[in-house]
Number of protein chains: 2
Amino acid sequence: MRITTRGRYGLKAMVELALAFGQGPISLKNIAANQEISEYYLEQLMGSLRKAGLVKSARGAQGGYELARAPSEISSGDVLRAVEGPISPVECIDENGCREPCEKIDLCSTRLLWLRMHEQLNKVLDSTTLEDLRAEAERLAPQS
Amino acid sequence: MRITTRGRYGLKAMVELALAFGQGPISLKNIAANQEISEYYLEQLMGSLRKAGLVKSARGAQGGYELARAPSEISSGDVLRAVEGPISPVECIDENGCREPCEKIDLCSTRLLWLRMHEQLNKVLDSTTLEDLRAEAERLAPQS
DNA sequence: CTTAAATCAGAGGAAATTAGTCGGAATTGG
DNA sequence: CCAATTCCGACTAATTTCCTCTGATTTAAG
């Protein structure tokens, strides 16, 4: 029941971009160095984030990435889902309800628990925005 | 961010035992057949549940497993933690707070999110008991 | 125009985790 | 005794995760 490095690295990178929002693009190299993440690996993650429409990229010299919209308009759920796929405790419950229903779905009493977990989890993910995390970062390391 | 088969199978087995609570031990073979789980694999899981003090076992002929206490006194968190280990979105946050703090813990702004997830997740796990799931099972398949 | 700095795309591979199997020892009711 | 059952630990196969690499494309700056 763990978020993988994709989610952890992806979110850290996005907080980094949130801190620099409005100041033009930041290169992969910079983000990777700041967060001590493999540059090649982060490249993959940024690809997912771009395809999900969460970041804009600028190619070529002086290029890089920047948030596609304000930090307050991007939830941590948006980010995690983009890099990790649906955040759900079991396969048969995802954002769309039930993608591949188990055969005995009507007889699956444990489903009750999975639904509760899914609901609470996504409530947190959708209500915590990059702005919240950016503010937290500034609180922890003032005017850096 | 998924519960593995250990958690899914383990919980299903425990609901099975909850349905038969007070009627003497049930054999691994029976549980495995009912839930369509590998007998050998389930054997491992029952071992974890026994070591966690959630089930009592009886060896020899006519032996088997039964809940160590009433279904209302066993939470789904007890079960999942016994078979899956700590239920936490990231390694640095578990039941004991912070086992292996990341170096930059004071600068880890994403920790805010992980804490919120951890809190809500465990709130659900601790408040949903085997009695809740047993009742759900009866509701779905009356007097079977 | 050339060049260096970047992103983009996708293949591939090592390591870790998960899922499942198995053989044999120990225990116990009939 | 015997058959049914749990107990224990090792082992293997499959899957997933994590990361690396190569080459192509784009673009700002000199």
Side-chain angles (χ1 to χ4, degrees), chain A residues 1-13 17 20 24-68 80 82-91, chain B residues 1-13 17 24-33 35-68 80 82-91:
Chain A
M1 197 60 188
R2 290 277 159 82
I3 290 291
T4 69
T5 53
R6 287 182 68 90
R8 294 210 311 277
Y9 295 173
L11 191 59
K12 286 176 101 178
L17 292 185
I26 299 187
S27 74
L28 200 53
K29 188 170 289 186
N30 271 328
I31 305 174
N34 278 347
Q35 301 294 339
E36 294 172 353
I37 297 172
S38 151
E39 201 177 324
Y40 287 132
Y41 191 38
L42 185 57
E43 204 174 345
Q44 288 184 356
L45 307 184
M46 295 312 293
S48 299
L49 292 168
R50 185 179 50 82
K51 281 171 191 159
L54 301 177
V55 299
K56 288 185 294 188
S57 63
R59 300 178 74 164
Q62 314 305 318
Y65 298 91
E66 59 189 322
L67 296 187
L80 293 182
V83 294
E84 295 237 340
I87 303 295
S88 161
V90 290
E91 193 185 9
Chain B
M1 198 58 187
R2 289 276 158 82
I3 291 292
T4 69
T5 53
R6 288 183 66 89
R8 293 209 313 275
Y9 294 174
L11 192 58
K12 285 177 101 178
L17 292 184
I26 299 188
S27 75
L28 199 54
K29 187 170 290 185
N30 269 327
I31 305 173
Q35 301 294 340
E36 293 171 356
I37 298 172
S38 149
E39 201 177 324
Y40 288 131
Y41 191 38
L42 186 57
E43 202 175 346
Q44 287 185 358
L45 307 184
M46 295 312 294
S48 298
L49 293 168
R50 186 177 51 81
K51 282 170 191 157
L54 301 178
V55 298
K56 288 185 295 189
S57 63
R59 299 177 74 163
Q62 314 304 319
Y65 298 90
E66 58 190 323
L67 296 187
L80 293 182
V83 295
E84 295 237 339
I87 303 296
S88 163
V90 292
E91 193 185 9

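In this text, all values refer to a predicted model and were calculated from it rather than measured experimentally. Within every chain, numbering begins at 1; the chains are lettered A, B, ... in the order of the sequence lines, protein sequences first and strands thereafter.
- The CD1 atom of A/Ile31 sits 12 Å away from the C1' atom of C/dA6 (whole-angstrom rounding).
- Distances shorter than 4.0 Å separate none of the side-chain N or O atoms of B/Thr4 from OP1 or OP2 on C/dT17.
- Taking every heavy atom of both residues into account, B/Val83 and B/Leu45 meet most closely at CG1-O, 4.1 Å.
- The distance from atom CZ of B/Arg50 to atom C1' of C/dA26 is 12 Å, rounded to the nearest whole Å.
- Considering all non-hydrogen atoms of both residues, A/Pro25 and A/Gly64 come closest at CB-C, 3.7 Å.
- Summarising the geometry, the separation between CG on B/Leu28 and C1' on C/dT21 is reported as 14 Å, rounded to the nearest angstrom.
- What separates CD of B/Glu43 from P of C/dA19 is a distance of 18 Å, to the nearest Å.
- Listed by residue number, the members of residues 59-68 of chain A with any heavy atom below 4.0 angstrom from DNA chain D are A/Arg59, A/Gly60, A/Ala61, A/Gln62.
- Applying the side chain to side chain donor-acceptor pair (under 3.5 Å) test to every pair with at least one member in residues 38-55 of chain A, sequence neighbours left out, gives these pairs: A/Thr5-A/Tyr41, A/Arg6-A/Ser48.
- Remark: the backbone N or O of B/Ile3 is not paired with any side-chain donor or acceptor of B/Glu84 at under 3.5 angstrom.
- Proximity of B/Thr5 to the phosphate of C/dT18: no side-chain N or O atom is located under 4.0 Å from OP1 or OP2.
- The backbone N or O of B/Ala13 sits nowhere less than 3.5 Å from a side-chain atom of B/Gln35 that would complete a donor-acceptor pair.
- Summarising the geometry, atom CG belonging to B/Leu42 is positioned 13.0 Å from atom NZ belonging to B/Lys29; distances are rounded to the nearest 0.5 Å.
- Not a single side-chain hydrogen bond (donor to acceptor under 3.5 Å, both in side chains) links A/Glu66 to another residue, sequence neighbours left out.
- Boundaries of the chain A contact region on DNA chain D are D/dC18 to D/dA28, first to last in 5' to 3' order (nucleotide atom under 4.0 Å from a heavy atom).
- If A/Tyr40 and A/Met1 are placed on DNA chain C by their nearest nucleotide, the residue sitting closer to the 5' end is A/Tyr40.
- For the pair A/Tyr9 and A/Ala58, both in contact range of DNA chain D, the more 5′-proximal nearest nucleotide belongs to A/Tyr9.
- In this structure, CD1 of B/Ile37 is placed 9 Å from P of C/dG20, rounded to the nearest angstrom.
- The two atoms that bring B/Leu49 and B/Gly10 nearest to each other are CD1-O, 4.4 Å, heavy atoms only.
- Contact detail for B/Ala68 and B/Gly53: the closest heavy-atom pair is CB-O, 3.4 Å.
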N/O-N/O pairs, protein side and nucleotides 11-14 of chain C side, under 3.5 Å:
{"from": "C/dA11", "atom 1": "N6", "to": "A/Gln44", "atom 2": "NE2", "distance (Å)": "3.4"}

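- Listed nucleotides: C/dC8, C/dA9, C/dA19. Nearest to the side chain of B/Arg6: C/dA19.
- Computed from coordinates, the B/Ile3 CD1 to C/dT18 P distance equals 11 Å when rounded to whole Å.
- Rounded to whole Å, the distance from CZ on A/Arg2 to C1' on C/dA16 is 14 Å.
- Residues satisfying the side chain to side chain contact (heavy atoms under 4.5 Å, CB included) criterion with B/Ile26, sequence neighbours excluded, are B/Leu17, B/Ala20, B/Asn30, B/Ile31.
- Side-chain atoms of A/Arg2 never come within 3.5 Å of backbone atoms of B/Met1 as a donor-acceptor pair (strictly under, hydrogens ignored).
- We find that CD of A/Glu39 is positioned 12 Å from P of C/dA5, with the value rounded to whole Å.
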